[in-house]
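None of these values were measured; they are calculated from a predicted model. Letters A, B, ... mirror the listed sequences (proteins, then strands); counts begin at 1.
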2 protein chains.
Amino acid sequence: MKISTKGRYALRMMLDIARQGEGAVVSLKDISGRQEISVKYQEQIVMQLGRAGFLSSVRGPSGGYKLVRKPSEYKVGEILRSIEGSLAPVACLDGEENQCGRCGYCETLSFWQGLDEVINRYVDRFTLQDLLDECQGQG
Amino acid sequence: MKISTKGRYALRMMLDIARQGEGAVVSLKDISGRQEISVKYQEQIVMQLGRAGFLSSVRGPSGGYKLVRKPSEYKVGEILRSIEGSLAPVACLDGEENQCGRCGYCETLSFWQGLDEVINRYVDRFTLQDLLDECQGQG
DNA sequence: GAAATTCCCAGTGGTATAATAGGGTAAAAG
DNA sequence: CTTTTACCCTATTATACCACTGGGAATTTC
């Protein structure tokens, strides 16, 4: 039951950009220095975050990426879901095309639905700002 | 963020055995008929459930497996964890040997800890009996 | 002793993940 | 016009895990 590396990195990158201040344009190279994630790998992630409408970009020297909204307007859940596709703990919940034939009489389905709800409620309860506030004192 | 097939099957198998009544000895072949899981695959799962002390076995004809405790005394969480190892959403929480070097100043660690707690609290809130009760009317 | 079952180890094919490598184009700053 | 950056592909690798199978030994019942 693991979040993928991409999902974890995406969160750290968003947080890193947010931490540089409002409207800051941050290059992948800079993020790489702080977060120890290769620029090449970041490219793959940032592309998805851009398509999701979470980041805008500036080209050229001193270019980079910046947040589109304020940190308080990003739920952690939507960032994770945009990378992971879904946080559902079982495939049956990912969409009708993934349902198994046992759905009608599955004894465990509602249990899994409940778990899915609990997970999504939790990750949607936090914004980037919340995570920033939590560790003001730190590096 | 998916539970493995083994974890899902383990829960269904435990539930299947529980459903056959108190003290019932259930063969893998019988479970296979109802749950559509190959006997061979079940063997691997049941071995782990046995080692965890959840099931005891009876060899020979009309042998099989039976619950050691009452259904109300099995938390779903302990069954899942015995198969999955851990339900932690990130490896850093799996034990000290898995911590990354960033632990000391990781902005996301406490967020993940919270998610881990929420997940484990949920799965430990249900027992096999709870799941049985939920779908008395069904197949 | 034949059949049914658990027990146990070994193997296998597939798929996804994590990451790197390398190519290039486009835009902007100085 | 050079440099720096984003943008956008297509691989390739390595590896780990997953889902599942096979072969056979031990045990018990009849």
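Taking B/K70 as the reference, nothing meets the salt bridge (charged side-chain N to carboxylate O under 4.0 Å, His left out) condition, with sequence neighbours excluded. Taking the salt bridge (charged side-chain N to carboxylate O under 4.0 Å, His left out) definition, one finds that A/D124 meets it with A/R81, sequence neighbours left out. Scanning for salt bridge (charged side-chain N to carboxylate O under 4.0 Å, His left out) contacts around A/E78 gives A/R69, with sequence neighbours left out. B/D30 meets the salt bridge (charged side-chain N to carboxylate O under 4.0 Å, His left out) test with no other residue; sequence neighbours excluded.
Annotation: proximity of residues 47-55 of chain A to DNA chain D (heavy atom, distance under 4.0 Å) is found for no residue.
Salt bridge status for A/E107 with B/R19: present, with a side-chain N to carboxylate O gap under 4.0 Å.
The list of ring pair (Phe, Tyr, Trp, His ring centres under 6.0 Å) pairs with a residue in residues 37-59 of chain B, not counting sequence neighbours, reads B/Y9-B/Y41, B/F54-B/Y74. A salt bridge (Lys or Arg N to Asp or Glu O under 4.0 Å) check over residues 110-120 of chain B, counting only residues at least two apart or in different chains, returns the pairs B/E117-B/R121.
Distance A/I83 CD1 to C/dT17 C1': 14 Å, rounded to the nearest Å. Counting to the nearest Å, the C1' atom of D/dT21 and the CD1 atom of B/I37 are 16 Å from each other. Rounded to whole Å, the distance from CD1 on A/I31 to C1' on D/dA6 is 12 Å. Atom pair A/I45:CD1 and D/dC8:C1' shows a separation of 16 Å (rounding to whole Å applied). Between B/K2 atom NZ and D/dC17 atom P the separation is 19 Å, expressed in whole Å. Distance B/K29 NZ to C/dA3 P: 13 Å, rounded to the nearest Å. Between the C1' atom of D/dT5 and the CD atom of A/Q42 lies a distance of 13 Å, rounded to the nearest Å. Across the protein-nucleic acid pair, A/D30 atom CG and D/dT4 atom P stand 13 Å apart, rounded to whole Å.
The six-membered or imidazole ring of B/F111 lies near that of A/Y122, with a centre-to-centre distance under 6.0 Å.
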Side-chain polar contacts of residues 86-94 of chain A - donor-acceptor pairs under 3.5 angstrom, sequence neighbours left out - could you list them?
unit_1, atom_1, unit_2, atom_2, d
A/S86, OG, A/A88, N, 2.9
A/S86, OG, A/D94, OD1, 2.7
A/D94, OD2, B/K2, NZ, 3.2

Could you write nucleotides 18-30 of chain C as a row of B, S and -, 5' to 3', where a protein heavy atom under 4.0 Å of any base atom gives B, of only sugar-phosphate atoms gives S, and otherwise -? SBB-BB--BBBS-
